[in-house]
Amino acid sequence: AIYVPIDYNSTLMNKRHIIQNSELKFILSDVRRAKIDNIEIINFYDIPKNEGGYIKRNSNPEDVVNIMYTSGTTGKPKGVAITNRNIIKLVKNSNYINFKDDSIMMQTGSYTFDASTLEIWNGLLNGVPLHIIKNELLNPEMFEKYIKENNIKGIILDVDNTLLYYNREMLENVDIW
């Protein structure tokens, strides 16, 4: 399977483009709907748990793991294939982010943005816990409280993020990438 994140709040035109362009066979979601453009939507709460352990599959470094779509500044989002090799080079033995044994990351951006590749796969491949927050936590007071209560040690924020300027002290013990 290849992971293709689609923003639920995106326009129907963009969703249709991504679905057609990536040749999706089904959509896995927490939304209960039957279909979008004849593509079956499977609610992940309805999938039976695999009690038998991991599913074993051979994979190669050049196998595509996910397709990230650009914001579509040309009018149509463009898909970029991300391979196993790309992800491994990004999160394993990197020299630009120093994760410690007590690192805890928080995902503040959308799972459809490219930074989510680092946030999600870093946790999966390096054992770094990831807190995925809801938009309402981007309120500065709630954000600060959440960081303190959950001992967050790392966040990816873009330089224009207003949270950087709200209260710099709240980010004193947090690595910002």
Side-chain angles (χ1 to χ4, degrees), residues 1-12 14-19 21-31 36 39 41-45 47 59 61-74 76-100 102-140 142-143 146-147 150-164 171 174-177:
I2 297 173
Y3 172 60
V4 181
I6 301 174
D7 186 350
Y8 180 78
N9 296 313
S10 182
T11 66
L12 183 57
N14 276 355
K15 288 179 195 173
R16 283 191 166 135
H17 172 73
I18 292 170
I19 289 168
N21 184 260
S22 62
E23 301 177 0
L24 291 181
K25 306 295 184 226
F26 65 90
I27 296 172
L28 184 62
S29 175
D30 65 345
V31 176
I36 293 179
I39 304 294
I41 298 177
I42 300 170
N43 186 292
F44 58 71
Y45 293 114
I47 297 173
S59 65
E62 299 311 317
D63 287 347
V64 175
V65 175
N66 75 307
I67 301 174
M68 297 297 286
Y69 278 82
T70 63
S71 59
T73 54
T74 61
K76 285 188 179 179
K78 179 181 176 188
V80 177
I82 310 295
T83 66
N84 282 320
R85 182 183 312 277
N86 298 141
I87 290 173
I88 297 298
K89 286 179 89 171
L90 179 68
V91 302
K92 295 299 286 180
N93 303 315
S94 65
N95 61 358
Y96 56 91
I97 295 180
N98 184 23
F99 295 108
K100 302 167 190 83
D102 66 345
S103 291
I104 299 173
M105 284 190 66
M106 182 165 70
Q107 183 176 10
T108 59
S110 170
Y111 55 89
T112 62
F113 292 154
D114 58 353
S116 71
T117 305
L118 173 62
E119 294 165 331
I120 293 167
W121 288 100
N122 179 57
L124 291 172
L125 297 177
N126 290 318
V128 177
L130 174 65
H131 288 238
I132 301 172
I133 64 168
K134 297 181 178 184
N135 285 343
E136 53 267 15
L137 275 180
L138 293 180
N139 164 297
M142 292 177 76
F143 184 77
Y146 192 90
I147 286 174
N150 293 282
N151 200 25
I152 300 298
K153 302 284 188 186
I155 305 172
I156 296 175
L157 291 174
D158 101 18
V159 293
D160 293 332
N161 193 307
T162 56
L163 293 170
L164 285 173
L171 300 173
V174 178
D175 290 328
I176 301 171
W177 303 289

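Between Ile155 and Ile147, some side-chain heavy-atom pair lies under the 4.5 Å cut-off. In this structure, Val91 and Leu124 have side chains that are not in contact, with every pair of non-hydrogen atoms separated by 4.5 Å or more. Asp30 places a side-chain heavy atom less than 4.5 Å from the side chain of Phe44. Between Tyr146 and Ile133 the shortest side-chain heavy-atom distance falls below 4.5 Å.
Between Tyr69 and Asn14, the side chains place no donor N or O within less than 3.5 Å of an acceptor N or O (distance only, hydrogens not considered).
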> What do the steps show when you test Ile18 against Val4 for side-chain contact (heavy atoms from CB on, under 4.5 Å), and what is the final call?
Replying inline: CA-CA 8 Å; Ile18 292 170; Val4 181; 3.7 Å; yes
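The number of heavy atoms from other shown groups lying within 6.0 Å of OH (Tyr3) is above 12.
Once rounded to the nearest 0.5 Å, the distance linking CE of Met68 with OG1 of Thr117 reads 4.5 Å. Put simply, CG on Asn66 and CG on Asn84 are 10.0 Å apart, with the number rounded to the nearest 0.5 Å. Note that NZ of Lys15 is 7.5 Å distant from CG of Asp7, once rounded to the nearest 0.5 Å. Put simply, NZ on Lys153 and OG on Ser103 are 8.0 Å apart, with the number rounded to the nearest 0.5 Å. Taken to the nearest 0.5 Å, the CD atom of Gln107 stands 10.0 Å off from the CG atom of Leu118. To the nearest 0.5 angstrom, Ile87 atom CD1 is 11.5 Å from Asn122 atom CG.
Pairing each heavy atom of Ile67 with each of Gly79, the nearest pair is CG2-CA, 3.8 Å. Residues Met106 and Glu119 come closest through the heavy atom pair O-OE2, 4.1 Å. Nearest heavy atoms, Asn150 versus His131: OD1-CE1, 3.5 Å.
With hydrogens and angles ignored, the 3.5 Å screen pairs a side-chain donor or acceptor of Tyr111 with a backbone N or O of Ile6.
Considering only residues two or more places apart in sequence or on other chains, Arg85 meets the side-chain contact (heavy atoms from CB on, under 4.5 Å) condition with Pro61, Glu62, Thr83, Lys89. Checked against ring-ring contact (aromatic ring centres under 6.0 Å, His included), His17 has no partners two or more places apart in sequence or in another chain. Every side-chain contact (heavy atoms from CB on, under 4.5 Å) that Ser110 has, sequence neighbours left out, goes to Thr112, Phe113.
Screening Asn43, Ile41, Ile42 for a side-chain contact (heavy atoms from CB on, under 4.5 Å) with Leu28, the sole residue that qualifies is Ile42.
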